[in-house]
Amino acid sequence: MRILEINVQIWVRMSGSFIELIEHSIIQNWDLNALTDYRGETMQYKDVARKIEKIHILFENAGIKPGDKIAVCGRNSAHWGAAFLATITYGAVVVPILHEFKADNIHHIVNHSESRLLFVGDQMWENLNESCMPRLEGIIGLVDFQLLISRSDSMTYAREHLNEMFGKKYPCNFRSEHVSYRREKLEQLAIINYTSGTTGYSKGVMLPYRSLFSNVMFCKEKIHLKPGDSIVSMLPLGHVFGMTFDFLFGICEGAHLWFLTRMPSPKIIAESFSEIKPRIISCVPLVVEKIFKKNILPRVDTKLGKFLLKVPIISDKIKTLAREEAMKVFGGNFIEIIIGGAPFNAEVEAFLRLIDFPYTIAYGMTECGPLICHSFWTDLQYTSCGKVVSRMELKVLSPDPMHIAGELVCRGDNIMMGYYKNEEATRLVIDPEGWLHTGDMAIIDDDGNVFVKGRCKNMLLTSSGQNIYPEEIEAKLNNMPYVSESLVILKKDRLVALVYPDWSDEAICGLSKNDMDILLNKSREELNKEMPAYSHLSKIVIMPEEFEKTAKKSIKRYLYQKVEV
């Protein structure tokens, strides 16, 4: 087996302190805006520092020690950010929990992580049952940091007398010279991030400080922000993509983070971005695809709005109009839009390149905190996810890595310590030489550009021995008329597409299921003409509702493998 290894930078352990980056930024940007809830409260860096110090006093007097686990579960907000920063600068281990998780999963994560405290948003708290989390010593509301539940007299006393304790410690006001946080060791555990994967199982990914430090340093090396630049935090902070690219990088650069505190619909994005004018934007592919299909292309050309690149000739005027509309929708002030978390539709990407739109792809996984590959938008190759990032190396396990897809493996400063309390699962993904097996099939070109073909576990193997990556078919199908989203499965050695129609399309509003079957069958026939025979769809099955998804908006494929067709 021939293995093509790409090692952009020699894998060396970094020296430095992640906590020092946070401390330095808070001191240097004391009077700048730090965290804003859109249409709500704004905290400057000095306000964040005060919140951190008060929470530290609460922790200390409640008997919380460095290394203890503190869970944070809530929608993106300024107080979520303050709770996270207070925990990590105290030396405790942060357990961020996606607010989209169901109550039983949140209970499980709190218990499995052995968290002593839980910071929780009001919407999450309504659905939780404290009796299902018996080890917790306290539950603190993110709205106002009030104790919702206390099982400790010392914690109750500390919270009731917190302002008094703060005043005694800083009788002449709290100033920037008082900001001094502990220094971590890079191999120390910083975060346990529970995955929201498509397999249905949540595993606790243990990320050390070196992973956070290396990821943030890469962002600092490649994306040049100035103190005061705005970042809109759309991705859930409970997921490592949003946590790193938006929050941690932004804080370390002295940026002004804005939290939408609601679902980032095309309408909300257009409204808020025109006011905020963010410098960098991180999002999942679904957001970009929907905005282009629904809000940009139809304004420019009706045919393009429905068929994307099916029109053979696109004039320079249309390209210019499309770019202007796209830049305006996203605020008109951004360096690049960073797309990650799921595969990006190749035809949408082709159109973005056609109009010279500044997008880039970030490829990674929670187990790498998250970065594995990323290239600046001017260097990005079409359908590639870029080159391996600094302090990481990768290879493709294939007899011909440039032409035959094989599993992508990587190692370096970004990778996790392992799965919390799950040595067996850790051994399955990290081999004895330290290579993390990503579970993705990929090829690499001569220049080191990585092209991910699909998930190993998603690959469909026909009786003739043909390997089929369903993601490639789904990407094309999703660009066909009347299709909102799709999932391709193998049934009796035939490919079947499960489709949720785009009922928001006025052209199909009010149609019967039988009429929709006829329309989608025509789309299937058109698609089959473009695909090799082994990738032909035998049937399309209409789904009654949208597919259930993870926080990254990836379809939970395992739920649909036994659908009757």
Side-chain angles (χ1 to χ4, degrees), residues 18-53 55 72 74-86 88-89 96 142 174-176 179 181 212 215-239 241-262 264 268-283 287 327-338 358 362:
F18 175 71
I19 298 299
E20 187 176 8
L21 292 178
I22 295 173
E23 178 186 301
H24 177 78
S25 180
I26 288 174
I27 294 170
Q28 292 297 116
N29 302 296
W30 192 250
D31 292 314
L32 294 182
N33 290 338
L35 308 174
T36 293
D37 293 332
Y38 185 62
R39 299 284 189 249
E41 175 188 8
T42 291
M43 289 196 290
Q44 295 182 322
Y45 276 87
K46 60 187 175 187
D47 302 319
V48 175
R50 288 191 188 96
K51 295 281 188 189
I52 290 172
E53 186 59 28
I55 295 172
V72 185
R75 293 182 179 276
N76 292 7
S77 69
H79 280 180
W80 191 106
F84 182 101
L85 291 172
I88 204 165
T89 54
L142 283 172
F174 180 71
R175 299 183 299 274
S176 61
V179 175
Y181 304 134
L212 306 186
N215 272 280
V216 168
M217 288 304 295
F218 177 81
C219 293
K220 289 168 75 72
E221 292 159 8
K222 298 296 181 181
I223 306 167
H224 303 295
L225 286 181
K226 302 188 302 295
D229 280 346
S230 290
I231 297 175
V232 175
S233 180
M234 289 192 293
L235 298 165
L237 294 179
H239 190 278
F241 182 20
M243 185 197 308
T244 300
F245 265 98
D246 294 341
F247 182 61
L248 296 179
F249 171 49
I251 286 293
C252 290
E253 291 295 87
H256 180 191
L257 276 80
W258 295 73
F259 304 107
L260 297 182
T261 67
R262 66 197 81 180
I268 293 295
I269 287 173
E271 173 191 308
S272 60
F273 280 39
S274 62
E275 176 184 342
I276 298 167
K277 301 190 183 305
R279 286 297 282 160
I280 60 167
I281 300 164
S282 305
C283 62
V287 171
M327 297 297 288
K328 185 165 60 177
V329 165
F330 289 103
N333 187 46
F334 57 94
I335 300 168
E336 64 176 350
I337 289 182
I338 302 162

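Leu235 is not listed as a side-chain neighbour of Phe245, based on a closest heavy-atom distance of 4.5 Å or more. Taking the side chain as every heavy atom from C-beta outward, Phe273 and Met234 approach each other to under 4.5 Å. Under the 4.5 Å side-chain criterion, counting only non-hydrogen atoms from C-beta, Ile231 is not in contact with Arg279. The shortest distance between side-chain heavy atoms of Phe330 and Pro278 does not fall below 4.5 Å. You'll find the side chain of Ile251 reaches within 4.5 Å of the side chain of Tyr45, heavy atoms only. Contact of the Trp80 side chain with the Pro96 side chain is registered, since non-hydrogen atoms from C-beta on lie closer than 4.5 Å. The side-chain heavy atoms of Leu237 and Phe84, taken from C-beta on, include no pair separated by under 4.5 Å. Looking only at side-chain heavy atoms (C-beta outward), His79 and Glu41 come within less than 4.5 Å of each other.
Expressed to the nearest 0.5 Å, how far NE2 of His24 lies from CD of Glu20 amounts to 8.5 Å. The structure places OH of Tyr181 at 8.5 Å from CD1 of Ile22, a figure rounded to the nearest 0.5 Å. Separating the CE atom in Met43 from the CG atom in Leu257 is a distance of 11.0 Å, to the nearest 0.5 Å. The CG atom of Leu225 lies 5.0 Å from the CD1 atom of Ile280; values are rounded to the nearest 0.5 Å. Within the model, atoms CG of Leu212 and CG of Leu248 stand 6.0 Å from one another, a figure rounded to the nearest 0.5 Å. Remark: Leu260 CG to Glu271 CD distance equals 9.5 Å, nearest 0.5 Å.
Tested against Trp258, the residues Ser230, Ser272, Ser233 include a single side chain to side chain donor-acceptor pair (under 3.5 Å) partner, Ser230. Partner His256 forms a side chain to side chain donor-acceptor pair (under 3.5 Å) with one of Asn29, Thr42, Thr36 and no other, that one being Thr36.
Nearest approach of Leu142 to Ala83, heavy atoms of both residues: CD2-CB, 4.0 Å. Between Ile337 and Cys283, the shortest heavy-atom distance links the atoms CG2-SG, 3.9 Å. When all heavy atoms of Trp30 and Ala49 are compared, the closest pair comes out as CZ3-CB, 3.6 Å. Of all non-hydrogen atoms in Leu32 and Pro227, the two that sit nearest each other are CD1-CB, 3.8 Å. Of all non-hydrogen atoms in Ala82 and Ile55, the two that sit nearest each other are O-CD1, 4.3 Å.
A donor-acceptor pair is defined here as one N or O able to donate and one able to accept, closer than 3.5 Å; no such pair exists between the side chain of Thr244 and the backbone of Phe241. Here the side chain of Ser274 pairs a donor or acceptor atom with the backbone of Ala270 at under 3.5 angstrom. Between the Lys222 side chain and the Cys219 main chain, no donor and acceptor come within less than 3.5 Å of each other. Under the 3.5 Å distance criterion, the side-chain polar atoms of Asp37 are left unmatched by any main-chain donor or acceptor of Ser77.
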Exercise. Would Val179 and Phe174 satisfy side chain to side chain contact (heavy atoms under 4.5 Å, CB included), going step by step from the backbone distance to the final call?
Worked result: CA-CA 9 Å; Val179 175; Phe174 180 71; 4.1 Å; yes
Exercise. Would Asp47 and Gln44 count as a side chain to side chain contact (heavy atoms under 4.5 Å, CB included) if you check the C-alpha gap in whole Å, the side-chain angles of each, and the deciding distance to 0.1 Å?
Worked result: CA-CA 5 Å; Asp47 302 319; Gln44 295 182 322; 3.5 Å; yes
For this session: Apply the test side chain to side chain contact (heavy atoms under 4.5 Å, CB included) to residues Asn76 and Asp246: give CA-CA distance (whole Å), side-chain angles for both, the deciding distance (0.1 Å), then the verdict.
Result: CA-CA 11 Å; Asn76 292 7; Asp246 294 341; over 6 Å; no
For this session: Please step through side chain to side chain contact (heavy atoms under 4.5 Å, CB included) for the pair Phe334 and Met327, ending with a clear verdict.
Result: CA-CA 8 Å; Phe334 57 94; Met327 297 297 288; 3.4 Å; yes
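By the 6.0 Å contact criterion, NZ on Lys220 is enclosed, its count of non-hydrogen atoms from other residues, nucleotides or ligands being greater than 12.
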